[in-house]
S.K.: 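Pasting a structure below so you can have a look.
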There are 2 protein chains.
Amino acid sequence: MVEMTTQAGSATRPRAPLNKERVLAAAVALADEGGVDALSMRKIAQVLGVVPMALYKHVANKNELLDGMIDVLVAEIDPPVGDTDWKTAVRRRVLSARRMLLRHPWAPEVIESRIKARTTPTPAVMEYLDSMIGIFRAGGFSIDLVHHAMHVMGSRLLGFSQELFEDTSDREPDPDAMPPEEMAARYPHITELAMAVAHDQESVVGSGCDDQFEFEFALDLTLDGLERLHGTG
Amino acid sequence: MVEMTTQAGSATRPRAPLNKERVLAAAVALADEGGVDALSMRKIAQVLGVVPMALYKHVANKNELLDGMIDVLVAEIDPPVGDTDWKTAVRRRVLSARRMLLRHPWAPEVIESRIKARTTPTPAVMEYLDSMIGIFRAGGFSIDLVHHAMHVMGSRLLGFSQELFEDTSDREPDPDAMPPEEMAARYPHITELAMAVAHDQESVVGSGCDDQFEFEFALDLTLDGLERLHGTG
DNA sequence: TTGACGGGTGTACGGCGTACACCTACCGTG
DNA sequence: CACGGTAGGTGTACGCCGTACACCCGTCAA
């Protein structure tokens, strides 16, 4: 056997060069088959035929890896369809999200834990929420009603159970947070909603919306629906 | 300084004897102040002034500890009130559950992960669900409607986002599972519901209910409610 | 007196995330 | 052509984790 060529040994397996996408794909595959407990940097490295520390040239740490995995999942959700009423558009999108969640049963737990730890959801999640808001707006919903609607849909949108936007004003600001103008450009609907809510109540800047009210709003909407089906009251 | 008495050194702090409740309480307190990531057997032992392995005389392992912590939380939910209509009874109970979840923000993530790993929720959770079903039944709901209602309420009942009872027929049976007759005695409403669902569809024993149908049922109930508020369609 | 046993201890192992120093192949520039 | 920078893979090492296993001691029934 002659000596190796300049590009990657031919005696060993050629091994395509690593990159963030390949790392994330391997991580998602590993989680799919063994659950999130079976996911470790060392195992990911192993299936990629690489030493564990090599991964850190492509993801900063395990938390960023988890964030990246969430983005991969969100990208699997079908984009919104254009030419229908809001109701079927929302319906299709949510059912598509559900199919994604069924393919990746570990997702809700990871999304839950990561959302609690970050000040802002990942860009992909933001985009998803923004376009969902856009569907309601295009359907003629008032900004207030959209706000309530998003809270009501909460757990069906991505599996997270409590608030989408918790009060993050007490956490120290993310060093590389997005400037407001870019925020407004990238997520117009979220921005519109956030502004309206902030205006609505002249409270201190921060939390923005009354989570307790939103929870009860959603609860009562559900109970009223059940009552109607039951035919009492 | 003289020698110690027979019952616990008096020079060191007396240190009450350990038991499962004290272990669980310490674990919950630790999670409350540092999140679930800050929870480790070693830290629990430390705050209890004991060596890590001592905990294992009271809980089998960390998973059982987590299950026990969930039970502690569920016990914090107010018991159902008797003399009102179903709607306010459910409303109060769910709001009480929400207050508990707000006190323990780490709870949804833990409940999520533990429910996925067990064949049956812990007894305390079962009891909670059973009594919730009982409220609907006492309100005159048909067993089918209760079934749908529980799915609809899903994420608001305890923060779990997907199915309460996933298909566990593929998992090897829990060695110390509860015999059916005890099941029926302890959780009469759950049993009634499970029987009805199993009868309903003459499918193989197992999963029992059509999760996809239930998801869409809940989704449509929500969308219809929003539509009514919006005044279109 | 003894022997079982409930409950706290000590040691040790394998796995984890990751800091840090290194090495090497490549590239644009002089 | 020489050369320094840089991107990306390597190796070692540290401190934390859960927990298996052997031990030890105080209590109490026989």
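Convention: sequence-line order gives letters A, B, ...; per-chain numbering from 1. Fair warning: this is a prediction, and the values are worked out from it, not measured in the lab. These numbers come from the heavy atoms of this one structure, side chains and all, not from hydrogens, waters or symmetry mates.
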S.K.: Out of A/Ile111, A/Ile70, A/Leu73, which one pairs with A/Val125 under the side-chain contact (heavy atoms from CB on, under 4.5 Å) rule?
M.R.: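 Exactly one pass, corresponding to A/Ile70.
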
S.K.: I'd like a list of close polar pairs between nucleotides 19-21 of chain D and the protein, N/O only, cut-off under 3.5 Å.
M.R.:
{"unit_1": "D/dT19", "atom_1": "OP2", "unit_2": "B/Tyr56", "atom_2": "OH", "d": "2.9"}
{"unit_1": "D/dT19", "atom_1": "OP2", "unit_2": "B/Lys62", "atom_2": "N", "d": "2.9"}

S.K.: Hey, is A/Lys20 close enough to A/Glu64 for a salt bridge, meaning N to O under 4.0 Å?
M.R.: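 Here A/Lys20 pairs with A/Glu64 in a salt bridge, since their nearest N and O are under 4.0 Å apart.
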
S.K.: Rounded to the nearest angstrom, tell me the gap between atom CG in A/Leu65 and atom P in C/dT18.
M.R.: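 Computing the A/Leu65:CG to C/dT18:P distance gives 10 Å.
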
S.K.: Does atom CD (B/Glu127) have a neighbourhood of more than 12 heavy atoms from anything else shown, all under 6.0 Å?
M.R.: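 Count not over threshold, so no.
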
S.K.: Think B/Lys43 has a side-chain N or O under 4.0 angstrom from the OP1 or OP2 of D/dC16?
M.R.: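 Checking B/Lys43 against D/dC16: no side-chain N or O falls below 4.0 Å of OP1 or OP2.
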
S.K.: Report yes if the side chains of A/Leu129 and A/Tyr187 come closer than 4.5 Å at any heavy-atom pair, otherwise no.
M.R.: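 A side-chain contact under 4.5 Å is absent here.
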
S.K.: When the distance from CG of A/Leu48 to P of D/dG8 is rounded to whole Å, what number comes out?
M.R.: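 About 15 Å, once rounded to whole Å.
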
S.K.: Between the base of D/dG9 and the side chain of A/Lys57, is one N or O donor paired with an acceptor at under 3.5 angstrom?
M.R.: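 Yes, a donor-acceptor pair under 3.5 Å.
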
S.K.: In whole Å, I'd like the distance from the NZ atom of A/Lys20 to the P atom of D/dG8.
M.R.: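 From A/Lys20 NZ to D/dG8 P: 13 Å.
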
S.K.: Rounding to a whole Å, what distance do you find between B/Asp37:CG and C/dG17:C1'?
M.R.: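 One finds 12 Å between C1' of C/dG17 and CG of B/Asp37, rounded.
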
S.K.: Using OP1 and OP2 only, check whether a side-chain N or O of B/His58 sits under 4.0 Å from C/dG8.
M.R.: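 For C/dG8, OP1 or OP2 has a side-chain N or O of B/His58 closer than 4.0 Å.
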
S.K.: I'd like to know whether A/Glu21 forms a side chain to side chain donor-acceptor pair (under 3.5 Å) with A/His58, so could you lay out the CA-CA distance, the side-chain angles of the two residues, the decisive distance to 0.1 Å, and finally the verdict.
M.R.: CA-CA 9 Å; A/Glu21 288 71 43; A/His58 304 278; over 6 Å; no

S.K.: Show, in sequence, the C-alpha distance, side-chain angles and deciding distance for A/Asp71 and A/Asp67, and conclude whether the side-chain contact (heavy atoms from CB on, under 4.5 Å) test is met.
M.R.: CA-CA 6 Å; A/Asp71 282 358; A/Asp67 289 340; 5.9 Å; no

S.K.: Rounded to whole angstroms, how far apart are CD on B/Glu64 and C1' on D/dG18?
M.R.: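 Answer to the nearest Å: 15 Å.
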
S.K.: For B/Gln46 and D/dC17, give me the distance from atom CD to atom C1', rounded to whole Å.
M.R.: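 Those two atoms, CD and C1', are 14 Å apart.
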
S.K.: Could you check how far CG of A/Leu39 sits from P of C/dG17, rounded to whole Å?
M.R.: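 It is 8 Å, rounded to the nearest whole Å.
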
